[in-house]
Amino acid sequence: MEKRVKYKSSVKDPGTFGSLELSEVMLLFVPNDPKSDLKLKVQTHNIKSQKYTKQGSNKPPWLNLTNKQGRSHIFEFENYPDMHACRDSITKALAKCDEESNKSVVSTPAEKLSMAEFELRFKLLRENSELQKLHKQFVESKVLTEDEFWSTRKKLLGKDSIRKSKQQMGLKSMMVSGIKPSSDGRTNRVTFNLTSEIIFQIFAEKPAVRQAFIDYVPKKMTEKDFWTKYFRAEYLYSTKNTAVAAAEAAEDEELAVFLKPDEILAREARQKMRRVDPTLDMDADQGDDYTHLMDHGIQRDGTNDVVEPQNDQHRRSLLQDLNRHAAVVLEGRCIDVESEDTRIVAEALTRAKQVSKADDEITKDANQERLERMSRAAEMEDLQAPQNFPLAPLSIKDPRDYFESQQGNVLSEPRGARASKRNVYEAYGLLKESILEIRMTGLSDPLIKPEVSFEVFSSLTRTISTAKNIIGKNPRESFLDRLPKSTKDEVIHHWTSIQELLRHFWSSYPITTTYLNTKVGKLKDAMSNTYSLLDAMKQSVQSDLRHQVSLLVRPMQQVSFLPTQQEFYYIMSRLSLIFSTCIVSIQFNQPNQTLRSNPVNELKSE
Amino acid sequence: MIFKIEDVTVYFPYDNIYPEQYEYMVELKRALDAKGHCLLEMPTGTGKTIALLSLITSYRLSRPDSPIKLVYCTRTVHEMEKTLGELKLLHDYQVRHLGTQAKILAIGLSSRKNLCVNTKVLAAENRDSVDAACRKRTASWVRALSTENPNVELCDYFENYEKAADNALLPPGVYTLEDLRAFGKNRGWCPYFLARHMVQFANVIVYSYQYLLDPKVAGIISKELQKESVVVFDEAHNIDNVCIEALSVSVRRVTLEGANRNLNKIRQEIDRFKATDAGRLRAEYNRLVEGLALRGDLSGSDQWLANPALPHDILKEAVPGNIRRAEHFVHVLRRLLQYLGVRLDTENVEKESPVSFVSSLNSQAGIEQKTLKFCYDRLQSLMLTLEITDTDEFLPIQTVCDFATLVGTYARGFSIIIEPYDERMPHIPDPILQLSCHDASLAIKPVFDRFQSVVITSGTLSPIDLYPRLLSFTPVVSRSFKMSMTRDCICPMVLTRGSDQLPVSTKFDMRSDPGVVRNYGKLLVEMVSIVPDGVVCFFVSYSYMDGIIATWNETGILKEIMQQKLVFIETQDVVETTLALDNYRRACDCGRGAVFFSVARGKVAEGIDFDRHYGRLVVMYGVPFQYTLSKILRARLEYLHDTFQIKEGDFLTFDALRQAAQCVGRVIRSKADYGMMIFADKRYSRHDKRSKLPGWILSHLRDAHLNLSTDMAIHIAREFLRKMAQPYDKAGTMGRKTLLTQEDLEKMAETGVQDMAY
């Protein structure tokens with residue numbers, strides 16, 4: 001763009017005629033008189049502000065640009081439209097500059113992102129489908145940038161989460177011998193249903209069976225035959241008829257394997273004895289007590305118990321089984337194989353055992369740790385200053401479960417009934433009052449009276465449980481559960497996305513840069529988009545549920561409009577805390593929806 | 001903290017001290033000053049051990065001219081480790097404050113099996129075979145032989161230790177068994193012989209009761225301890241039983257058969273020596289004529305068990321002429337075995353005094369009392385002469401000779417009981433001839449005589465006046481301490497009925513009643529759902545526990561319990577029980593929670609602590625009475641009645657209740673700890689039973705808790721746990737100080753107020 005202008009270095013300056021060339025990066029003034037040395041170059045990003053004369057005043061159309069060094073350049077245009085065109089293009093160029101500078105600031109850390117961090121982000125997205133959905137919705141539709149999205153989730157990206165391995169699943173406490181066969185009622189035939197879980201337990205508790213499986217299947221017999229034999233042996237064992245068991249074992253050597261005492265177990269036990277806590281080691285007593293010399297001491301005075309001598313070959317008591325079972329459950333699932341193939345499981349288990357055995361011999365750490373534990377046990381805790389030991393991190397899969405369980409507590413409290421009458425609007429009222437007060441008197445310290453905030457929070461907490469009961473007929477059944485699954489998912493999804501948008505929205509205040517300005521604009525658009533989606537959803541539900549859904553949706557819609565209200569803008573720029581309370585309240589207002597993360601804390605940190 | 005008790009500066013490794021610990025130290029110091037014996041009962045969970053250790057070590061430091069030695073006896077090896085652990089803590093503290101002059105040498109002592117580091121020897125299964133495997137590599141004649149024959153296997157650790165000779169010393173410090181092993185392995189010295197050697201230099205020795213009470217062991221290990229030693233018997237409530245066990249021996253069919261085989265072997269050896277090395281047997285004969293029962297200078301590795309009779313009862317005479325010759329001695333033993341075999345062939349239970357037994361032995365087998373008395377010494381001399389190393393093979397003949405020596409030595413306080421079968425299993429013939437000691441004072445008498453101070457202490461010594469009578473000694477201090485409570489951290493309850501109001505009991509006629517079994521089960525099912533972490537249950541016997549668990553398994557009660565907590569059980573297999581305990585602790589540590597089923601009078605009840613989260617609740621199912629129809633018990637009760645005028649019933653109740661108290665008493669370790677105790681039997685509500693419980697339990701047993709049903713107990717438990725979860729002031733409230741600081745102690749010393757806490 002090129003305009004004919006008169007350049008003045010000051011207001012008094014009569015001016016030099018020339019032409020002004022405008023581009024995105026710079027503006028160039030070339031005087032008409034080639035001999036003049038008043039050639040001027042101004043970098044766009046150097047421009048600090050521009051002033052111009054208003055149309056309709058009797059001044060000529062001047063444009064005054066001040067650069068960052070404080071020098072001003074005045075251009076006199078031929079007419080107003082020329083000046084306006086020029087001004088607009090400078091504004092645009094400035095905005096672009098701003099954005100670029102902002103971008104460069106933001107993108108520097110992004111470039112530094114290591115592969116590890118990217119992997120971590122991917123991992124998080126993979127593991128958390130809700131997060132993935134949000135990411136897809138906002139980042140891919142360019143409402144938020146990648147970094148903005150993650151900046152509110154620094155905790156997830158923290159060091160702890162990198163180190164935290166996948167949580168191991170525990171085993172069920174039920175004994176395998178507890179599985180009862182199902183019979184068809186007519187014949188003597190019984191059927192056992194074996195799941196991979198049960199097979200895992202059998203293998204873990206009875207290494208001899210595991211070894212036999214590896215040895216026999218499929219070379220000597222099929223898997224089915226193997227298990228038939230196994231349960232035959234279990235049956236013989238359960239009849240407690242050792243004579244019959246012995247007789248059958250004599251005939252069938254494979255069956256005998258199941259009835260024999262487990263040698264692998266005995267070996268493992270000896271192994272484990274070496275790293276047992278010495279203050280528990282009763283085996284050491286046996287090696288010490290000289291009265292336990294054969295036939296020394298008192299044999300039959302009624303203190304020592306008598307136990308029927310048993311057939312050595314087939315002794316295996318319930319008590320041993322119980323101990324073994326509990327030990328296996330305590331150890332947990334030590335292999336990472338999720339396979340239907342029994343053989344793979346068996347082999348993986350054998351390998352895992354061998355590895356742990358090898359570990360024992362190498363590591364001194366375990367020994368060291370054992371000694372430390374011993375010396376700690378020797379101390380008397382309350383005679384000295386308390387020692388703080390690091391706590392294991394608590395890993396809660398779904399915080400919703402926590403609130404479900406809290407409902408019971410609130411209900412059982414006698415206060416609950418009375419308190420539930422105080423609804424969420426009252427809490428709003430209180431909050432509003434205090435906001436008004438602040439507007440009248442200005443900021444004081446503390447911002448909100450502790451009593452007020454306490455009242456707000458506690459009444460809202462109670463509302464979570466009561467809303468559920470008021471809406472659902474059956475107190476155990478939440479209203480949400482009655483919605484069709486797709487609708488329910490949709491409601492929850494909208495909820496989380498609104499939450500996400502709001503979080504970003506409020507964190508953009510005060511709007512100081514154009515960058516934030518555009519961001520807020522984008523957020524606003526996305527929010528109104530959500531509003532229409534909510535509306536559509538409301539229409540789509542069945543009529544009998546529509547009322548409830550609209551009850552549910554209303555606070556969300558209100559939220560979608562919140563940012564348009566001027567007074568909220570004003571206060572929000574200062575009192576992010578109050579507003580986070582609002583967000584919490586809205587969250588609570590929706591039954592069955594719980595705090596996914598605490599916005600209060602996050603906002604504070606930002 | 002550092003404070004003064006009269007003229008002794010006590011170094012105590014903590015910042016605070018309980019008032020009862022302070023009191024305990026004061027009393028202990030008085031006893032040490034008076035150079036007399038004392039009897040101190042202090043509740044568990046008040047830090048008895050550390051108070052005792054810090055006073056005695058500080059006492060030693062304050063009297064550098066006449067250093068006393070501490071001999072600390074524990075019942076089990078794991079308690080020994082625990083004590084050494086506490087001593088380590090104390091020692092570190094004292095060295096930190098006093099520098100090197102506070103350094104002491106403290107060692108734990110145990111058998112070869114627990115101390116050996118030679119992997120080949122350790123491969124043996126039990127203690128006796130480890131002993132034998134060791135002896136095969138270290139006996140003097142084996143080592144002599146190896147100089148000629150390089151193929152003879154020796155133990156490198158022992159050889160290195162021998163080579164180092166007098167230079168083989170332990171630097172000062174506190175050594176647990178594990179530390180000893182590590183040290184030995186590091187230096188290449190045998191830790192077992194090193195530890196034995198260091199006994200004479202050590203300032204503190206920790207070992208088990210038997211090393212002092214059993215003459216067979218004490219004769220070798222403890223004979224060199226000086227009189228200025230302080231002997232402590234910790235957890236001594238069962239000390240009378242240990243004493244009588246040390247002097248009791250029994251003979252079975254298998255013993256006799258084994259002894260016969262041993263004699264054949266000995267006979268062969270004698271013949272072989274006669275042919276090859278007749279001079280050796282002649283030399284032995286000459287030695288015996290001269291009256292040297294044993295070669296005086298046995299090298300350490302040749303020593304074995306000493307004479308089973310107490311030191312002052314052993315005759316210092318020459319061995320009688322009729323058993324001096326090896327063949328003659330073998331003949332005498334053959335006749336003895338024959339006679340014993342005839343006596344075992346009885347249909348009825350027979351009870352006899354040693355005197356009449358000896359006289360009938362004399363008339364029928366022609367063996368005199370004096371001959372009997374020398375049996376043990378003669379056998380040992382013969383075995384050394386014959387260079388027998390596989391001592392574990394020769395245990396049966398050893399046992400018979402022990403029996404002969406004891407029966408020949410003692411006329412009083414013993415009886416001989418011959419039973420054809422066990423009363424409880426009459427269908428299984430298992431004849432047994434038992435020489436049982438009734439008088440606990442016999443075995444402990446030499447200890448009281450030899451050492452200037454003997455301290456007997458435990459959490460349960462009630463009634464405290466009974467012990468001096470049982471052990472026949474006069475203590476200079478005899479005191480029972482109460483526990484000052486910061487809050488009511490123990491909650492004993494007596495449960496008499498189930499939820500259906502039917503009474504529960506393990507009385508013989510009621511114990512197998514399905515209603516009782518079910519109510520016992522329901523109690524546990526309810527409790528595991530409200531009690532966090534560890535729960536421990538004690539049953540009256542293995543067989544009862546076996547039965548009740550089987551029933552619970554069938555009726556699904558066990559499954560309900562397992563839904564809440566993991567289940568671990570004490571079995572008669574020690575290895576398995578140890579692993580179960582270890583896993584139980586792990587389960588409590590990781591928060592899963594567990595139940596441990598155990599047996600009163602069993603190995604676990606004897607010395608395993610269930611403190612802190614390892615035991616928030618103990619349920620004592622039934623009253624752990626002894627099997628009262630036992631012949632030996634009857635004989636002992638008679639003896640007690642005749643000698644000490646102790647009534648039968650009183651003694652039985654006393655014994656049962658001390659066991660019960662011992663079981664439940666292990667839940668508390670400190671005042672910050674808390675735990676519940678349920679006595680589940682209607683008989684506990686009776687005053688005569690209940691009143692035998694130690695005072696510190698009784699004082700917390702409220703009248704309202706004396707006759708509870710299951711649902712009431714559940715309610716109380718809930719309330720109790722809720723109360724315990726509240727924060728509290730550790731220093732004590734309402735003017736009663738339950739935790740003293742250094743300033744408190746200084747103030748007390750100034751004003752002279754001693755009983756501030758009570």
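To find a chain, count down the sequence lines: A is the first, B the second, and so on, and within it residues start at 1.
Summarising the geometry of A/L318 relative to B/A550, their closest heavy-atom pair is CD2-CA, 4.0 Å, with the distance given to 0.1 Å. Nearest heavy-atom pair, B/V575 versus A/A269, reported as atom, atom and distance to 0.1 Å: CG1-CB, 4.4 Å. Closest heavy-atom contact between A/N323 and B/V567: OD1-O, 4.3 Å. Residues A/A327 and B/F568 come closest through the heavy atom pair N-CE2, 4.0 Å.
How far CD1 of B/I561 is from CG of A/L322: 10.0 Å, rounded to the nearest 0.5 Å. Expressed to the nearest 0.5 Å, how far CD1 of B/I608 lies from CG of A/L280 amounts to 5.0 Å. Put simply, CG on B/D589 and CG on A/L330 are 9.5 Å apart, with the number rounded to the nearest 0.5 Å. Distance CG/A/D281 to OG1/B/T577: 11.5 Å, rounded to 0.5 Å. Rounded to the nearest 0.5 Å, atoms CD (B/E576) and CE (A/M273) are 11.0 Å apart.
Contact check for B/D582 versus A/K272: no side-chain heavy atoms found under the 4.5 Å cut-off. Contact annotation: the side chain of B/N583 never approaches that of A/E331 to less than 4.5 Å [non-hydrogen atoms, C-beta and beyond]. The closest side-chain heavy-atom distance from A/M282 to B/L581 is below 4.5 Å.
Looking at B/Y18, the atoms closer than 4.5 Å to chain A (heavy atoms on both sides) sit in the backbone and in the side chain alike. Only the side chain of B/Q21 comes within less than 4.5 Å of a heavy atom of chain A; its backbone N, CA, C and O stay farther away. Contact annotation for B/T74: neither backbone nor side-chain heavy atoms come within less than 4.5 Å of a heavy atom of chain A. Heavy atoms of B/M1 lying under 4.5 Å from chain A are absent altogether. Contact annotation for B/I417: neither backbone nor side-chain heavy atoms come within less than 4.5 Å of a heavy atom of chain A. Neither the backbone nor the side chain of B/L247 comes within less than 4.5 Å of any heavy atom in chain A. Proximity to chain A is absent for every atom of B/V130, based on heavy atoms less than 4.5 angstrom apart.
For residues 77-88 of chain B, the salt bridge (Lys or Arg N to Asp or Glu O under 4.0 Å) pairs, not counting sequence neighbours, are B/R75-B/E79, B/K82-B/D609, B/K88-B/D179.
By number of non-hydrogen pairs under 4.5 angstrom with chain A, the leading residue of B/V574, B/T176, B/T578, B/D15 is B/T578. Ranked by heavy-atom pairs shorter than 4.5 Å toward chain A, the options B/I549, B/L566, B/I569 are led by B/I569. If you tally non-hydrogen atom pairs under 4.5 Å between each of B/R585, B/R586, B/Q563 and chain A, the highest count goes to B/R585.
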